[in-house]
Amino acid sequence: QVQLVESGGGSVEAGGSLRLSCVVSTDTINTDCMSWFRQAPEKQREGVASFYRPTESTSLADSLHRRFTISRDNTKNTLYLQMNNLAPEDTAVYYCAADRQPEYRFGWYCPIDPTAYKIWGQGTLVTVSS
């Protein structure tokens, strides 16, 4: 049963933009915490951004703050990742994940830690050429 469906990946030149989408196809999973991760060839999966629905709190990997933005449209059950000024090092398979408990530190938020997420999408490939 497919629960998270990513789309929007593709091939772009350096400096280009893409917007990834992750549609939640079921209401049987906890989607208060949803996040984006990526995995480049021969590298470990790394956190990109997270969105905590009750407060709309977002977290973003430090190195991506000025280029990536995470957002969510609850009416469409969709999580987005806007990626601007893409670089070859952004080449990776991007995954959407859901169903984990939030944590509290100066407010509730969703850590960008892949180990605690229970539900994963199939991934969408982003390739950035120089």
Side-chain angles (χ1 to χ4, degrees):
Q1 179 181 1
V2 177
Q3 297 169 313
L4 301 177
V5 181
E6 301 103 328
S7 63
S11 297
V12 296
E13 294 184 350
S17 298
L18 284 173
R19 188 176 79 157
L20 306 183
S21 300
C22 173
V23 178
V24 182
S25 63
T26 176
D27 59 359
T28 63
I29 62 174
N30 182 350
T31 59
D32 280 352
C33 273
M34 291 190 69
S35 293
W36 287 100
F37 297 87
R38 67 183 183 182
Q39 187 164 16
E42 300 181 358
K43 292 189 176 180
Q44 289 189 336
R45 191 168 296 187
E46 64 173 342
V48 174
S50 71
F51 192 101
Y52 180 53
R53 182 173 58 177
T55 62
E56 299 189 345
S57 169
T58 62
S59 299
L60 200 64
D62 289 342
S63 62
L64 303 175
H65 264 281
R66 297 187 178 185
R67 298 189 298 121
F68 289 17
T69 304
I70 188 171
S71 62
R72 181 167 178 166
D73 186 338
N74 292 322
T75 65
K76 298 181 179 179
N77 291 328
T78 303
L79 183 75
Y80 299 101
L81 183 68
Q82 178 67 45
M83 306 185 295
N84 298 325
N85 193 22
L86 285 161
E89 53 265 35
D90 295 317
T91 294
V93 177
Y94 284 72
Y95 297 91
C96 173
D99 200 355
R100 72 151 289 158
Q101 293 300 310
E103 295 186 2
Y104 189 89
R105 182 182 181 190
F106 306 114
W108 291 102
Y109 76 108
C110 302
I112 317 173
D113 173 8
T115 60
Y117 286 84
K118 299 177 184 177
I119 307 297
W120 291 82
Q122 82 289 350
T124 185
L125 177 63
V126 172
T127 303
V128 185
S129 58
S130 57

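Basis for what follows: all heavy atoms, side chains included, without hydrogens, waters or symmetry-related copies. These figures come from a predicted structure and were not determined experimentally. Residue numbers count from 1 along this sequence.
Legend: ring pair (Phe, Tyr, Trp, His ring centres under 6.0 Å) pairs involving residues 44-63, not counting sequence neighbours: none detected.
Under the 3.5 Å distance criterion, the side-chain polar atoms of Glu6 are left unmatched by any main-chain donor or acceptor of Cys22. Ser59 contributes no side-chain N or O that, together with a main-chain N or O of Ser50, makes up a donor-acceptor pair within less than 3.5 Å. Not one N or O on the side chain of Thr78 forms a donor-acceptor pair closer than 3.5 Å with the backbone of Val23. The backbone N or O of Gln39 lies less than 3.5 Å from no partner atom in the side chain of Arg45, so there is not a single donor-acceptor pair. With hydrogens and angles ignored, the 3.5 Å screen pairs no side-chain donor or acceptor of Thr91 with any backbone N or O of Thr127.
With a 4.5 Å cut-off on side-chain heavy atoms, Cys96 and Met34 count as touching. Residues Asn84 and Phe68 are not in side-chain contact: their nearest non-hydrogen atoms beyond the backbone lie 4.5 Å or more apart. Residues Met83 and Val128 fail the side-chain proximity criterion, which asks for heavy atoms closer than 4.5 Å. Taking the side chain as every heavy atom from C-beta outward, Val48 and Ile112 never approach each other to under 4.5 Å. Side-chain atoms of Leu4 and Ile119, non-hydrogen and from C-beta on, do get closer than 4.5 Å to each other. Asn30 is not listed as a side-chain neighbour of Lys118, based on a closest heavy-atom distance of 4.5 Å or more. The closest side-chain heavy-atom distance from Tyr109 to Thr55 is not below 4.5 Å. Side-chain contact between Ile70 and Trp36: present, with at least one pair of heavy atoms (C-beta onward) separated by less than 4.5 Å.
With values rounded to the nearest 0.5 angstrom, Gln82 atom CD is found 8.0 Å from Ser71 atom OG. With rounding to the nearest 0.5 angstrom, the CH2 atom of Trp108 is 10.0 Å from the SG atom of Cys33. Residue Ile29 holds its CD1 atom at 5.0 Å from CD of Gln3, rounded to the nearest 0.5 Å.
For Gln101, there are no side chain to side chain donor-acceptor pair (under 3.5 Å) partners at least two apart in sequence or on another chain. In this structure, the side chain to side chain donor-acceptor pair (under 3.5 Å) partners of Thr28, at least two apart in sequence or on a different chain, are Thr26. Evaluation of the side chain to side chain donor-acceptor pair (under 3.5 Å) rule for Arg100 yields Glu103 as partners, not counting sequence neighbours. Among residues two or more places apart in sequence or in another chain, the salt bridge (Lys or Arg N to Asp or Glu O under 4.0 Å) test is passed with Arg53 by Asp32. Remark: Asp99 engages no residue in a salt bridge (Lys or Arg N to Asp or Glu O under 4.0 Å) (not counting sequence neighbours).
Of all heavy-atom pairs spanning Ser130 and Ala14, the tightest one is CA-CB, 4.3 Å. Summarising the geometry of Leu81 relative to Ala49, their closest heavy-atom pair is CD1-CB, 4.3 Å, with the distance given to 0.1 Å. The two residues Gly47 and Ala61 come nearest to each other via the heavy atoms O-CB, 3.7 Å. The two residues Leu18 and Gly8 make their nearest non-hydrogen contact at CD2-O, 3.8 Å. Across all non-hydrogen atoms, the minimal contact from Gly121 to Tyr95 is O-CD2, 3.7 Å. Taking each heavy atom of Leu64 and Leu60 in turn, the nearest pair found is O-CD2, 3.6 Å.
A continuous path of hydrophobic side-chain contacts links Val93 to Phe37 [ILVMFWY only; heavy atoms under 4.5 Å].
For the pairing with Arg72, the side-chain contact (heavy atoms from CB on, under 4.5 Å) check across Thr31, Asn77, Thr58 returns one residue only, Thr31.
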